[in-house]
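Letters go in sequence order (proteins before strands), and every chain restarts at 1. Here the structure is a predicted model, which is why all the values come from computation and not from measurement.
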Amino acid sequence: MKSLIREAVVKAWDKACSMELFSSADIPVFDVSDTKNKDHGDIAANIAMVSAKVLKKAPLKIAEILTELIDEDFIEKIEIAGPGFINFFIRKSSFPPMLGEIFEKGENFGSNEYGLGKKIMVEFVSANPTGPLHIGHGRGAAVGDATASVLKKCGYEVTREYYINDSGRQIKTLGNSVYLRYLELMGKEIDFPQDHYQGDYISDIAKELENKYGRSLLENDENESVSICAKYAADSILKGIEEDLNAFNVIFDNWYSEQSLYDSNKVFSTIEFFENKNLIYEKDGAKWFRTTDYGDEKDRVVVRSNGDTTYFASDISYHMDKFQRGFNELVDVWGADHHGYINRIKACIEASGHDSSDFHVILVQLVTLLRSGKLVQMSTRSGEFDTLKEVVDEVGVDAARFFFLMRSYDSGLDFDLDLAKKKSSENPVYYVQYVHARISSIIEKAEKDFSYTENDIMGADLSLLDKDEEIELIKTLMKYKEAVLNAGKEKQPHRVTFYLMELAGSFHSYYNMHKVLTEDKGLSCSRLYLVKAVKEVVKNGLNLLGVSAPEKM
RNA sequence: GCGCCUGUAGCUCAGCUGGAUAGAGCAACGGACUUCUAAUCCGUAGGUCGGGGGUUCGAAUCUUCCCAGGCGCGCCA
């Protein structure tokens with residue numbers, strides 16, 4: 001609709017130019033937007049104000065000229081208001097036919113071609129395989145997954161990837177932690193260091209190793225045993241992570257191992273590549289990347305003076321590899337505490353000749369858990385849970401995902417466990433899902449009690465949809481496309497969540513105001529048509545969020 | 001000290017690529033179930049958009065300086 005208005009305005013502009021009413025032929029950038037206020041019609045354009053300067057005419061005069069040159073069937077009337085807004089009132093009857101698109105496109109309704117022809121990778125969670133996922137990872141998982149879904153709907157070819165930090169010091173520490181617990185099981189006195197992994201899951205893994213190897217690990221060389229422990233523990237924890245994610249409806253296309261970057265020599269060749277470009281230099285026995293050349297605050301070490309590469313080194317290599325694999329754009333979902341890392345990665349991307357604007361970091365802010373209005377301690381030592389699995393087990397996948405996506409990721413989130421479980425009006429998940437269940441129930445009744453068939457509904461006379469609430473609902477439905485596009489452009493999946501809450505509100509109002517099923521078959525079927533369209537869009541949107549659309553509640 | 005994020009109704013937050021009278025949910029108050037699911041709806045009340053300057057036809061939105069909170073500033077990952 002907006003694009004039709006835009007076309008009409010452009011047409012009028014050209015006409016005005018050819019009639020020499022306007023001096024300039026270049027049409028300035030202008031907005032065509034939905035109005036907030038009904039008195040302002042359905043759609044407003046600000047072209048008169050925007051072009052006042054170039055045309056050297058008063059906005060009201062420009063608006064007057066343009067409106068006289070616009071003549072379209074679907075426009076009922078045009079008004080000039082305020083400082084020069086042109087307000088368009090759309091003929092009511094032009095709204096209901098728009099619903100057809102929803103059924104024609106089905107699952108593809110809402111999709112657009114914004115990212116067509118582009119490959120994009122969304123890398124998210126990527127938690128170290130040294131312990132179970134906690135609630136913060138859950139937020140990252142929900143945000144990353146929904147972002148990926150939205151991007152796909154925006155035409156991108158999307159890959160969801162998990163980067164496994166299965167190399168380096170923390171894996172050694174993990175192996176050591178497990179080995180020590182294993183020794184403990186073998187009856188040895190141990191001294192368990194504070195900086196090792198404290199959780200009970202470490203002892204559980206040690207027990208598994210006992211079952212598998214008996215006492216034989218004692219006989220091996222210690223280094224070898226530790227590395228067996230490390231490998232086993234990382235695999236086992238990673239498997240648990242994958243299970244928890246699957247249970248959370250998050251499926252990755254690819255699991256990418258950091259170690260593989262070393263095995264294939266990619267880390268080394270990346271360093272060499274930048275050394276040849278004179279972007280890596282030696283100082284104090286270490287190798288430094290000249291990230292300050294590209295806007296970073298200080299240069300960063302890639303190879304320590306003891307010869308070990310840093311995490312940063314493999315991470316550069318990893319990001320280079322992403323581009324080499326043919327991705328045009330990269331999205332990384334990180335915890336907010338990693339924000340200091342952005343500039344150095346961007347620096348390397350620029351240094352490698354890629355455009356850092358193709359690299360988007362979604363910084364997900366902290367999650368805190370609330371029970372009975374009180375903060376749940378997030379320490380692993382306390383008896384209270386903080387793992388993703390426990391939260392999902394308690395509140396369910398739908399509520400958890402919806403809550404994570406209910407606000408902008410750069411706002412902190414207080415996850416209220418009691419609210420998430422509550423089956424009442426306070427809980428927004430059900431507010432949206434209820435729409436789907438209600439409509440399902442109406443349709444079932446229409447078929448059973450009234451014997452209205454699918455054909456009756458699809459062939460309904462849409463001109464009967466003329467109530468204000470119906471037009472409102474149709475307008476809201478059509479806004480879905482815009483919500484998806486903006487969510488994709490901005491990489492902000494919460495826009496879809498907010499849209500769904502708006503649509504749900506619009507539907508519930510309508511439902512309470514007008515009965516769908518009546519003895520009047522014609523009217524009933526046209527309303528069923530409308531309501532079915534709502535059902536489609538709700539399902540479509542919930543699907544993007546990874547939340548189910550129940551038939552019954 | 002420097003950098004990033006945040007500050008909008010009593011609470012939790014949208015709105016931030018500049019647009020008209022700043023929105024929603026919860027909480028509060030008053031109403032609506034012989035009805036397609038009341039997990040719902042309708043209404044009332046609630047605001048110096050943290051504060052001051054600047055940019056312009058127009059600022060919650062852009063800019064600058066302050067104030068407050070969170071996070072980050074390793075040859076850790």
Side-chain angles (χ1 to χ4, degrees), chain A residues 29 31 33 35-37 39-40 44-46 48-50 52-53 58-59 81-85 87 128 130 165 167-171 173 195 258 283-288 297-298 300-312 314-315 335-343 361 363 365-366 368 370 373 406-414 416 419 422-435 437-446 449-450 486 489-490 494-495 497-498 501-502 504-505 507-518 524 527-528 531 552-553:
Chain A
V29 177
D31 275 341
S33 56
T35 55
K36 289 180 198 160
N37 187 326
D39 296 340
H40 300 147
N46 68 348
M49 282 121 70
V50 175
K53 250 182 201 163
F85 286 104
N87 294 331
N128 292 345
T130 53
N165 298 126
S167 167
R169 219 180 64 178
Q170 87 274 355
I171 291 295
T173 306
D195 64 352
E258 180 187 6
K283 192 183 88 183
D284 303 332
K287 290 187 178 181
W288 300 72
E297 298 141 39
K298 52 186 282 192
R300 310 288 174 174
V301 170
V302 285
V303 182
R304 296 201 290 253
S305 51
N306 68 1
D308 286 352
T309 49
T310 60
Y311 174 81
F312 181 48
S314 49
D315 219 21
D337 51 339
H338 285 67
H339 75 248
Y341 210 71
I342 298 175
N343 281 341
V361 178
L363 274 187
Q365 294 292 323
L366 201 76
T368 50
L370 292 177
M406 209 164 53
R407 53 206 41 169
S408 159
Y409 51 70
D410 49 27
S411 262
L413 172 66
D414 292 327
D416 187 331
L419 178 58
K422 215 175 268 182
K423 303 200 162 158
S424 76
S425 57
E426 290 167 63
N427 191 337
V429 195
Y430 301 117
Y431 186 74
V432 174
Q433 288 185 317
Y434 192 42
V435 173
R438 261 187 161 170
I439 296 173
S440 303
S441 153
I442 294 171
I443 292 169
E444 193 185 312
K445 193 177 170 73
D449 297 359
F450 291 84
N486 286 334
K489 270 187 184 168
E490 308 293 330
H494 76 276
R495 288 170 182 269
T497 317
F498 276 88
M501 292 200 272
E502 186 191 339
F507 169 77
H508 287 311
S509 284
Y510 173 64
Y511 176 91
N512 276 275
M513 197 90 70
H514 303 288
K515 239 171 127 49
V516 174
L517 298 176
T518 62
S524 298
R527 288 183 175 171
L528 278 165
V531 144
K552 279 194 167 40
M553 282 173 76

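- Ranking B/rC13, B/rC36, B/rG3 by closeness to the A/Leu517 side chain, first place goes to B/rC36.
- Under the stacking definition used here (centres under 5.5 Å, planes under 30°), the residue A/His40 qualifies as stacked on the base of B/rA20.
- The aromatic rings of A/His494 and A/Phe498 lie perpendicular to each other, with more than 60° between the two planes, well past the 30° mark.
- Atom CG of A/Asn165 and atom CG of A/Asp315 lie 7.5 Å apart (nearest 0.5 Å).
- Ring pair A/Tyr511/A/Phe507 is tilted by interplanar angle, where 30° to 60° counts as tilted.
- In terms of polar N and O atoms assigned as donor or acceptor, the side chain of A/Asp337 never comes within less than 3.5 Å of the base of B/rA77 in a complementary pairing.
- Closest to the side chain of A/Tyr311, from the set B/rA77, B/rC13, B/rC75, is B/rA77.
- Using N1 to N3 plus N6-O4 or O6-N4 for Watson-Crick, or N1-O2 and O6-N3 for G-U wobble, each under 3.5 Å, B/rU34 pairs with nothing.
- Contact annotation: A/Tyr431 reaches the phosphate of B/rC41 (side-chain N/O to OP1 or OP2, under 4.0 Å).
- The residue among A/Arg407 and A/Ser305 whose nearest nucleotide of RNA chain B lies closer to the 5′ end is A/Arg407.
- Candidate nucleotides B/rC13, B/rA20, B/rA77 were compared by shortest atom distance to the side chain of A/Phe85, and B/rA20 ranks first.
- Of the candidate nucleotides B/rC75, B/rC41, B/rG72, B/rC75 has the atom nearest to the side chain of A/Val301.
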